[in-house]
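Take a look at the structure set out below.
We number each residue from 1, following the sequence as shown.
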Amino acid sequence: MILYNARITPIVEETQVITTSGRMSSISLLITNIGEEVWYAYNKDHPVLIGYHYKNDKGAVIEGMRTKLPYNIAPGESVLVKCNYIVYSKLDSIDMEWDLVREGDSWFKSYGSDSLIIGVDLTKDSSNAEENGVDQNLAIVCKGLSKKFKLYSQNSAKLIELFSAGIVKKHQEFWALKNLSFEVKKGETYGIIGFNGSGKSTLLSILAQTKQHTQGVFKVNGRIAALLELGAGFHPELTGRQNVIYNSYLYSIPSHEIEKKMGAIQEFAAIGDFFDKPVKSYSSGMYVRLAFSLAIHVDPDVLIIDEALAVGDEVFQRKCYSKFEEFKALGKTIILVTHDLNAVRALCDRVGIIYDGSLIFEGSSNEVVNYYQKMSLTANLQVAAHTENESKELRYGNGKAKIIDYELKDQEGVSTTIFKSGEKINIYIKAEVFEQISSPVFGVIIKTINGIEVFGTNTKILGEKIGTVSKGDTIITELQFPNYLNEGTYFLTLGITDQSGNETVTIDRMIDVSFIRVLNDIKSIGLVNMNIEAGIKIDVQ
Ligand SMILES: Nc1ncnc2c1ncn2[C@@H]1O[C@H](COP(=O)(O)OP(=O)(O)OP(=O)(O)O)[C@@H](O)[C@H]1O
């Protein structure tokens, strides 16, 4: 028996009995390299395989399967291997042994202390949603899903923990997902949006079973194909073609079947000769082409896409989007994580926002994207205020008066920050006076995201004289103007100035206090909506 200094841990930690009915789906194993030297899970000369076999009640081996590990792992590192081979058996239960062998060594020689035995009970079907009371119309059900990561300050801390068999704790806990519950109906395209680091990819990895959740339950009805982070699932040394075969094991597709689809996979990926070159030589775009092509050709019921399309060129993106439409028409379920809110609006039936590991808002794509845009701009403002405060004030003035309230309203007087091009914008400003001012001027400035002033006006320009105000007075001003801005996002600055002398003195100025989102039915280019009726004369001679 060859010892590879590696430890196999089943992801099913509580119990080692897995129930299924004829179909053994997705047993995940965590292989940890506990050796002092780098242990090559895959190496050109000595590829190390992980495999299983199962035996009948008389102990005879009925079937075995082996596959190469896709990664090299260093001491203390772990690699998660998901095996979802289909097991057909007339037996009520089988014992499966998992072990590590080196190619060339006898399969059966490798029984020994590194093997892990998992009892598989074939009498019940844990993947049968109906028996578990899961609505068959649902593609995905998540209840109270949470994920905890262990954070180590150094690699050695991880090793110390491993060697102490859990007695010494050297990590900090970090909950990347917190009690997440949601459902996706079959045939729905469900978008997941959220700020960087909010937990989107973690959630998708759990659904695709490449990461293990810590708490809660989830169920995916049907075969999943997932395009997760770039690099996942492909071995860099293997060619595109070999990686397709390698991945077919993970999708439970016999290699002869994937061979039949090889031509179609190659054609859709359209990466030319690179299909037969190691994927380590691929550009990120080529990588995504291959990964997407593979994912759609394994006939998934649920397709999970994590931001991956952003790396493809526009022609390929278009091809993928039309594939999405085809998938939707076939009644398949798509889960899409992206920062491209236009794609979310265009493709998704429903959308959820993940914020700091929790699902905070869910609804129709328009409703959720609008909410998210407000949320992200507000968050940006808060971040800006925080960083600005450290260097310079985001608000300044001589303090003789202060703006105590403000509101943006549409032409019907409804409070909003979203305006249509051509409609009127109303800005309400309320200020309290702390010292006498002879002639205060109230003004607004609208800027683009990168700070270009697009428009500004004030009570003086508009011919309104406020007159002298005294301590304790409250001044309310409403400025109204038509909105000729083009579609986009703008920032609003409010101010009170004293322009009675030669110089303009700032009394109170609140920079980028709110955003204005402008929508425009008629598209045009640039910052301004000229509101023209185009007259076009074309004469081709
Ligand atoms: N293996 C890990 N160990 C420790 N922390 C992790 C690990 N993987 C992810 N995290 C943390 O979990 C949180 C969620 O990460 P995740 O990648 O799911 O976010 P995301 O919403 O997909 O972000 P982005 O939009 O930037 O892709 C982050 O704080 C991240 O640092």
Side-chain angles (χ1 to χ4, degrees), residues 341 369-389 391-432 440-464 466 474-499 504-520 524 526-531:
L341 299 180
V369 170
N370 282 345
Y371 182 87
Y372 181 69
Q373 280 176 327
K374 282 185 196 175
M375 200 179 126
S376 49
L377 286 162
T378 314
N380 283 343
L381 284 177
Q382 278 163 3
V383 173
H386 179 68
T387 43
E388 292 266 342
N389 278 342
S391 50
K392 61 184 169 75
E393 284 286 327
L394 200 65
R395 179 176 194 171
Y396 65 92
N398 64 14
K400 287 187 176 179
K402 277 207 165 220
I403 295 167
I404 52 169
D405 196 12
Y406 61 87
E407 200 175 3
L408 281 82
K409 295 184 209 167
D410 65 15
Q411 54 194 16
E412 266 81 49
V414 178
S415 177
T416 183
T417 49
I418 300 170
F419 299 89
K420 275 196 151 184
S421 212
E423 288 180 356
K424 288 206 168 86
I425 298 178
N426 276 289
I427 300 175
Y428 163 96
I429 308 170
K430 184 175 177 184
E432 193 175 339
V441 174
F442 281 62
V444 297
I445 293 174
I446 295 174
K447 290 187 249 174
T448 61
I449 287 177
N450 45 13
I452 299 165
E453 290 186 0
V454 199
F455 173 74
T457 190
N458 60 43
T459 46
K460 192 175 173 187
I461 295 172
L462 296 171
E464 293 291 333
I466 294 176
T474 301
I475 314 162
I476 293 173
T477 316
E478 277 204 52
L479 295 162
Q480 191 189 68
F481 45 86
N483 172 24
Y484 293 122
L485 295 169
N486 214 344
E487 187 156 294
T489 302
Y490 302 87
F491 284 84
L492 179 71
T493 292
L494 303 177
I496 313 170
T497 53
D498 182 349
Q499 302 189 9
T504 299
V505 177
T506 303
I507 298 169
D508 190 18
R509 190 178 174 94
M510 295 174 81
I511 299 164
D512 294 345
V513 74
S514 176
F515 63 89
I516 294 175
R517 174 113 182 102
V518 178
L519 305 175
N520 191 357
S524 63
L527 288 175
V528 183
N529 170 20
M530 304 284 278
N531 206 15

For residues E478 and K409, report the shortest heavy-atom separation together with the two atoms involved.
-> OE2-NZ, 3.9 Å

Only counting residues at least two apart or in another chain, list the ones meeting salt bridge (Lys or Arg N to Asp or Glu O under 4.0 Å) with K430.
-> none

Roughly how far, to the nearest 0.5 Å, is the CD atom of E412 from the CG atom of N426?
-> 10.0 Å

Whether T416 side chain and I418 backbone form a donor-acceptor pair below 3.5 Å | yes

Residue pair V441 / T459, side-chain heavy-atom distance below 4.5 Å | yes

Going from OH on Y490 to CG on L485, what distance comes out if it is rounded to the nearest 0.5 angstrom?
-> 5.0 Å

Output, in order, the C-alpha distance, side-chain angles, deciding distance and verdict of side-chain contact (heavy atoms from CB on, under 4.5 Å) for F419 and L408.
-> CA-CA 10 Å; F419 299 89; L408 281 82; 3.9 Å; yes

Between atom OG1 of T477 and atom CG of N458, what is the distance when rounded to the nearest 0.5 Å?
-> 11.0 Å

Residues two or more places apart in sequence or in another chain: which of them pass side-chain hydrogen bond (donor to acceptor under 3.5 Å, both in side chains) with E423?
-> none

So which heavy atom on V518 is nearest to which on S421, and how close?
-> CG1-N, 4.0 Å

Could you check if a side-chain atom of Y428 sits within less than 4.5 angstrom of a side-chain atom of I476, using non-hydrogen atoms only?
-> yes

Under the ring-ring contact (aromatic ring centres under 6.0 Å, His included) rule, collect the residues that match up with F455, sequence neighbours excluded.
-> F481

Heavy-atom closest contact (N398 atom, K400 atom, distance) = OD1-N, 3.0 Å

Give the intermediate values and the outcome of side-chain contact (heavy atoms from CB on, under 4.5 Å) for residues I516 and T417.
-> CA-CA 5 Å; I516 294 175; T417 49; 5.9 Å; no

CD1 (I427) and OG1 (T457) are apart, to the nearest 0.5 Å, by 9.5 Å

Check whether any side-chain heavy atom of V444 lies under 4.5 Å from a side-chain heavy atom of I429, and answer yes or no.
-> yes

Are the side chain of T504 and the backbone of Q499 linked by a donor-acceptor contact shorter than 3.5 Å?
-> no

Separation between CD of E432 and CD1 of I404, rounded to the nearest 0.5 Å = 5.0 Å

Under the side-chain contact (heavy atoms from CB on, under 4.5 Å) rule, what do I446 and L492 come out as? Steps first, then yes or no, please.
-> CA-CA 5 Å; I446 295 174; L492 179 71; 4.0 Å; yes

Under the side-chain contact (heavy atoms from CB on, under 4.5 Å) criterion, do D405 and E407 qualify, and how do the steps go?
-> CA-CA 7 Å; D405 196 12; E407 200 175 3; 5.7 Å; no

Taking N486 for its side chain and G526 for its backbone only, find out whether a donor-acceptor pair lies under 3.5 Å.
-> yes

Rounded to the nearest 0.5 Å, the CZ atom of F442 sits from the CD1 atom of I475 at a distance of 4.0 Å

Donor-acceptor contact below 3.5 Å, side chain D508 vs main chain G495 = no

Report, as yes or no, whether the 6.0 Å neighbourhood of atom CD on E464 holds more than 12 heavy atoms from other residues, nucleotides or ligands.
-> no

Does atom NZ of K420 have more than 12 heavy-atom neighbours, drawn from other residues, nucleotides or ligands, at distances under 6.0 Å?
-> no

